[in-house]
Each structure stands twice: as C-alpha cells, then as structure tokens.
Amino acid sequence: MENYFSEDSPFIVHDTRKHRWDVPYHVEAVNIRGTILLANNRTFISGKTILDLGCHFGTWSMLALKLAARHVTGLDSDPKLISHANALFSDEGTIPESYTFMVGNVMDILKTLPDKCFDTILCLGLLYYLPDPYSILREMKRIAREAIILDTFTASYCAIQGKDSPDILSRIKPETFELPLLFHSLTQSDKQSYHVPHIVRKTDTNLTILTCPTQSLLELYAESLSLSMQKLDWNPFLKNPTMTWQELMSHEAKKASHWTDIYATGVRVSYVLSM
C-alpha cells in the first residue's frame, strides 16, 4: 500500500477527526481508505473530471489529483471547510486550474448541473446525511459519465448509534436488517469540525436525521437506476473479519474496536456504481 499522505501532511495534521471510533482520519485509515476507494479505482480517476460531494476540506480531492485526475470540483455546505480547502490547496502549491471548491446544498447544486458533466462522482461519507438518498443517486447518475464511488453507512449503523440502541434493538429482529428498508436515527448537527444541515428540531442541542438504507435497499436502488454495482473488497485490511455489527453495540465495544470493523460488519459499505 502506498502512503499518499504522510503523518505531517496538513490534511492529516489539521483534521480533528483522528480519534473517532468509526471513521478516523489518522494517517493509517486515510491511506488505506484512499487505496480502496480511489487508488484501486484509478481507471475512474486518472485523467478524469471529478466531483467530490461533501468534500470537507479536500482530502479526497487532493488524492484524486495525486492520482492524476484532470480536474476536481469539491462541494460542501460548510463555508469554513471550503475556505480551509482553498487555503490548503494554495499552500500545497496545487495548480489553480486543476481544482474548484464550491459552497452549497448538495441537492440544490446537483439540480443545476447539466447531464454528464463530470466523469466520476465521489460520495464518500455523505449519503446518510441526506434525507432522500434515492433522489440523490438518481441525480448523480444523470450527472456522471462513467462512475459513482460510494462509501456510506448502512441501516445497521442506525441500530448501534446512540445510547438508546440496545433498547431499540431488543424490539427489532436481526433479520429485519436484511430487508430493503430505510432506517432513521437522530444525531447532533454540530460536529467537532463541521456542521450538518437539515435540523429537524431544537431542544438544547440542534439535531438532524441520519437516513441509512440497508445493503439490500442500496442494491435495489442501483438496479432500478440501471447502474452496475461492484462492492469493494476490504478483506486485505480487516483485523476482525468475522465480527458482527451486534458486537459493536456498547460504548465500550466501540472504543475497543478497530476502525476496519465497520467494514467487516457491514455497518459501512463501499461500491463503484458504473453507467
């Protein structure tokens, strides 16, 4: 595996998400995820125009350029992150004509884009923050000429997310998560380093809805949109390949887990959806 980002890379140093139990942004996780999601799919990256949805401050956009993408366009709803992305790319001496960053609501922006205007769309860690994943996938299919690279949580994340999950799961049979269903749960809108839109109610904390399809529903979405669906293989990097998502129920189990456990258990899945 190639190290696309070093320990002292500003894309690692400035990321506050290093210690998350599920998807940490420390150097090992970033490089392995970069290998599985982008480098192993460079036929859809090198020489291509890339749209990076929910780009944060541009880590995957930068990796796409390292893999010889022709141009990357990053989109995020948080203006602070886009400002940070522009600063990081400028500091790295990136050719200005090779990238563009935009602030905006993903669905609103996608609706304004013409058909087949990007070769490849990256949707890495965004789909579950959007209230209507099927409509987003349909728009992405309209816009992408070649492929959508998707990395997302599934319904089982809703099942283990939050302190009330053991009580909720006691009322739901495990086989239910094999059905083509959409699950929802609440999460805080104000994260440590970014803000999630779609606030649904306000108490002492702003909340938003997570929207997570089961794997079978994701596959049904792809079939109905006539997309070819290739599930990406995480096996070379899994530390606990036989773990189940039910074993990640408690706070203690999450803290003790390896970050690849989300992929071993199907809590998170990755696909290339090609036209």
Side-chain angles (χ1 to χ4, degrees), residues 2-39 45 48-110 118 120-130 136 140 148-153 187-198 206 208 210 259 268 270:
E2 187 171 341
N3 289 323
Y4 300 103
F5 296 95
S6 64
E7 189 75 57
D8 61 355
S9 165
F11 291 92
I12 301 296
V13 171
H14 294 295
D15 206 311
T16 61
R17 302 169 292 174
K18 296 181 184 68
H19 304 295
R20 299 195 313 184
W21 75 271
D22 49 7
V23 190
Y25 279 74
H26 54 58
V27 68
E28 178 200 69
V30 169
N31 281 314
I32 290 177
R33 292 182 73 228
T35 297
I36 295 290
L37 298 172
L38 274 73
I45 304 295
K48 308 298 184 181
T49 56
I50 311 294
L51 176 60
D52 183 6
L53 299 179
C55 65
H56 202 71
F57 54 56
T59 303
W60 303 130
S61 293
M62 176 57 75
L63 180 52
L65 290 179
K66 287 175 182 279
L67 295 171
R70 180 154 51 94
H71 187 276
V72 295
T73 299
L75 171 62
D76 202 282
S77 62
D78 191 326
K80 292 180 182 177
L81 290 175
I82 293 300
S83 177
H84 196 178
N86 279 310
L88 284 174
F89 274 54
S90 177
D91 290 346
E92 290 290 288
T94 311
I95 298 171
E97 293 77 19
S98 68
Y99 67 91
T100 304
F101 288 107
M102 300 187 297
V103 179
N105 176 281
V106 168
M107 193 58 170
D108 291 345
I109 296 292
L110 291 183
F118 288 93
T120 302
I121 297 178
L122 306 180
C123 186
L124 311 179
L126 174 71
L127 193 68
Y128 45 87
Y129 283 133
L130 303 173
I136 291 290
M140 286 194 280
I148 301 160
I149 301 177
L150 178 67
D151 183 53
T152 189
F153 285 125
T187 188
Q188 292 186 7
S189 290
D190 295 312
K191 306 297 184 179
Q192 184 177 2
S193 59
Y194 60 98
H195 174 80
V196 182
H198 309 301
N206 290 334
T208 193
L210 291 178
W259 67 268
R268 197 168 174 113
S270 311

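Any value given below was found using the heavy atoms of this structure, including those in side chains, with hydrogens, waters and symmetry copies removed.
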Geometric class of the [Y]/[X] ring pair [parallel <30°, tilted 30-60°, perpendicular >60°]:
{"X": "W259", "Y": "H26", "value": "perpendicular"}
{"X": "Y25", "Y": "W60", "value": "tilted"}
{"X": "H84", "Y": "H14", "value": "perpendicular"}

For the student: nearest non-hydrogen atoms of [X] and [Y], plus distance:
{"X": "H56", "Y": "A85", "answer": "O-CB, 4.4 Å"}
{"X": "V27", "Y": "I12", "answer": "CA-CD1, 4.0 Å"}
{"X": "R70", "Y": "T49", "answer": "NH2-CG2, 3.5 Å"}
{"X": "F101", "Y": "S61", "answer": "CE2-OG, 4.0 Å"}

For residues [X] and [Y], determine if any side-chain heavy atom of one lies less than 4.5 Å from a side-chain heavy atom of the other.
{"X": "T94", "Y": "M62", "result": "yes"}
{"X": "L63", "Y": "F11", "result": "no"}
{"X": "I82", "Y": "C55", "result": "yes"}

Looking only at atom types and distance, does a side-chain atom of K48 sit under 3.5 Å from a main-chain N or O of F118, one as donor and one as acceptor? no
Side-chain donor or acceptor of T35 paired with backbone N/O of N31 under 3.5 Å: yes
Before accepting this row, confirm whether a basic side-chain N of the pair D78/K80 lies closer than 4.0 Å to the acidic partner's carboxylate O. no
Paired with I45, the side chain to side chain contact (heavy atoms under 4.5 Å, CB included) test is passed by just one of L67, L37, L65, namely L67
